[in-house]
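Source: prediction; values computed, not measured. Chain letters run A, B, ... following the sequence lines, proteins first and then strands; every chain starts at 1.
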2 protein chains.
Amino acid sequence: MSVSEKNQPEASEVRERILDAAEELFAEQGFDAVSLRQITTRAEVNLAAVNYYFGSKGGLVVEVLARVVGPINQRRLQMLDEAETQAAGQAVEVETILAAVFRPVIVSMNESEHSRQVVMKLAGRCMSEAGSEMPEAMRRLFREVADRFCASLSKALPRLSAAEVFWRMHFTIGSMLYALTQHETLVLLSDGKVLADDAEKALEELVAFTAGGLRAQNAKEGAGK
Amino acid sequence: MSVSEKNQPEASEVRERILDAAEELFAEQGFDAVSLRQITTRAEVNLAAVNYYFGSKGGLVVEVLARVVGPINQRRLQMLDEAETQAAGQAVEVETILAAVFRPVIVSMNESEHSRQVVMKLAGRCMSEAGSEMPEAMRRLFREVADRFCASLSKALPRLSAAEVFWRMHFTIGSMLYALTQHETLVLLSDGKVLADDAEKALEELVAFTAGGLRAQNAKEGAGK
DNA sequence: GTCTATAACTAGATAGAC
DNA sequence: GTCTATCTAGTTATAGAC
């Protein structure tokens, strides 16, 4: 057979190899802790290639984040679209909305052990470095999904004021991110009562908790400012 | 008057000045981003003093964290003690337990604008770097409060299994931390519907949401594995 | 487009004078 | 205890050969 080097088209894509290696290393150690040398060594490309393709380390970080978060947010919007179409103008059930937020993350994490690590760690970074890293690119992506889910939740929970919907959506995201990033801590603290690697159980519990929180009695309103 | 240099006892405490400067800088920029040179410059002490007093940068980080988190956790335990004493053997109300978790953080933040920044940023860092930094010192501090609150919540919510209490306490912490760290994002996204600088309102909303989540219907249990 | 080589810089840590 | 001076090792980024 005429097996030439051109037989591996994916391996020739230096850019992709850099993104793959960076994704892994960022997930393992965080953005700051990883050097371009580590990335290019693992990717088996030259050090200078990073600056050639991404301009700087910061540019690489943004592209890695976008590549992970983009598909998740797309799937979220898609699930919400389907739910709203099916509801035919009526409000979508709270649990269904929540599933559209959470499920795509679980799906991404279940693609591989590596994906699980990446999503977890990147979620953690997003929590603490929301302002500094990802200057705008990511902001807009999140803004779109936030607006859509906010509108859907407002319809499902007409008793809540607009401000309250914002607050509670915020708490919901917090619950999700903390569950994602600190799952190992939870397993550790619980002395075996909470099992690792049971994503479906985690999703169930998360939906139950956040649905309860979203539906909760309003905070006292009569109190004077 | 015999005003000698010994008139400023606080200024001679090099160790304290380092901790103060490090706390501010870590809060502003994160642990990694701050160099020992920045810290010692702001503290107006010599570069070598950090290694003299704390052994290494890592040792300094641990002490800064402990100094911020320690008082908060002490106040939490104290509030829970008081509530349990008053309940005289009966279960403490969920909202009261939650206030004992949240209130001390608000109190610490309200001590000064600087405190607010510090607690916010350090909370963020704790979320994303829980494993790497603070190897054990902090772990034990958090473990104690986690155990106490877990027990109290189990008593208040007898319908929940031990595992469910863990899950929901976890989500509760996540809601709190996200509210703390991403409050500015929320203010921004809400277009003025959520106001900054209203810690009491934030506390009310947080308690309402998490109490609702904690009391929510159990996740479906009959489903086969 | 891809590489080598290196520039230009900053980091944390420490030895040894005072 | 506190300082200066320096060491070693790491970083990002780039100029220029191929």
Nearest-0.5 Å distance that lies between atom CZ in A:Phe166 and atom CG in A:Leu153
10.5 Å
Roughly how far, to the nearest 0.5 Å, is CG of B:Leu177 from OH of A:Tyr178?
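Interatomic distance, A:Tyr178 OH to B:Leu177 CG, rounded to 0.5 Å: 5.5 Å.
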Once you round it to whole Å, what is the distance between [atom2] of [N] and [atom1] of [X]?
{"X": "A:Tyr53", "N": "D:dA13", "atom1": "OH", "atom2": "C1'", "result": "17 Å"}
{"X": "A:Ile39", "N": "D:dA13", "atom1": "CD1", "atom2": "P", "result": "11 Å"}
{"X": "B:Phe31", "N": "C:dA11", "atom1": "CZ", "atom2": "C1'", "result": "18 Å"}
{"X": "A:Arg15", "N": "C:dT2", "atom1": "CZ", "atom2": "C1'", "result": "16 Å"}
{"X": "A:Glu13", "N": "C:dG1", "atom1": "CD", "atom2": "C1'", "result": "12 Å"}

One thing to verify: whether B:Asp32 and B:Lys57 come together as a salt bridge, which I'm taking to mean a side-chain N less than 4.0 angstrom from a carboxylate O.
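Salt bridge between B:Lys57 and B:Asp32, a charged N being under 4.0 Å from a carboxylate O: no.
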Could you tell me whether B:Arg76 and B:Glu144 have a side-chain N and a carboxylate O separated by less than 4.0 Å?
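No salt bridge links B:Arg76 with B:Glu144.
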Once base and sugar-phosphate atoms are separated, protein heavy atoms under 4.0 Å mark nucleotides 13-18 of chain C, 5' to 3', with B, S and - as BB----
Does B:Ser35 make a side-chain N or O approach to OP1 or OP2 of C:dA11 shorter than 4.0 Å?
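Indeed, a polar side-chain atom of B:Ser35 lies that close.
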Does the side chain of A:Phe209 come within less than 4.5 Å of B:Thr172's, by heavy atoms?
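Heavy-atom side-chain distance check passes, below 4.5 Å.
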For A:Leu60, is there any backbone N or O sitting under 3.5 Å from a side-chain donor or acceptor partner on A:Glu63?
no
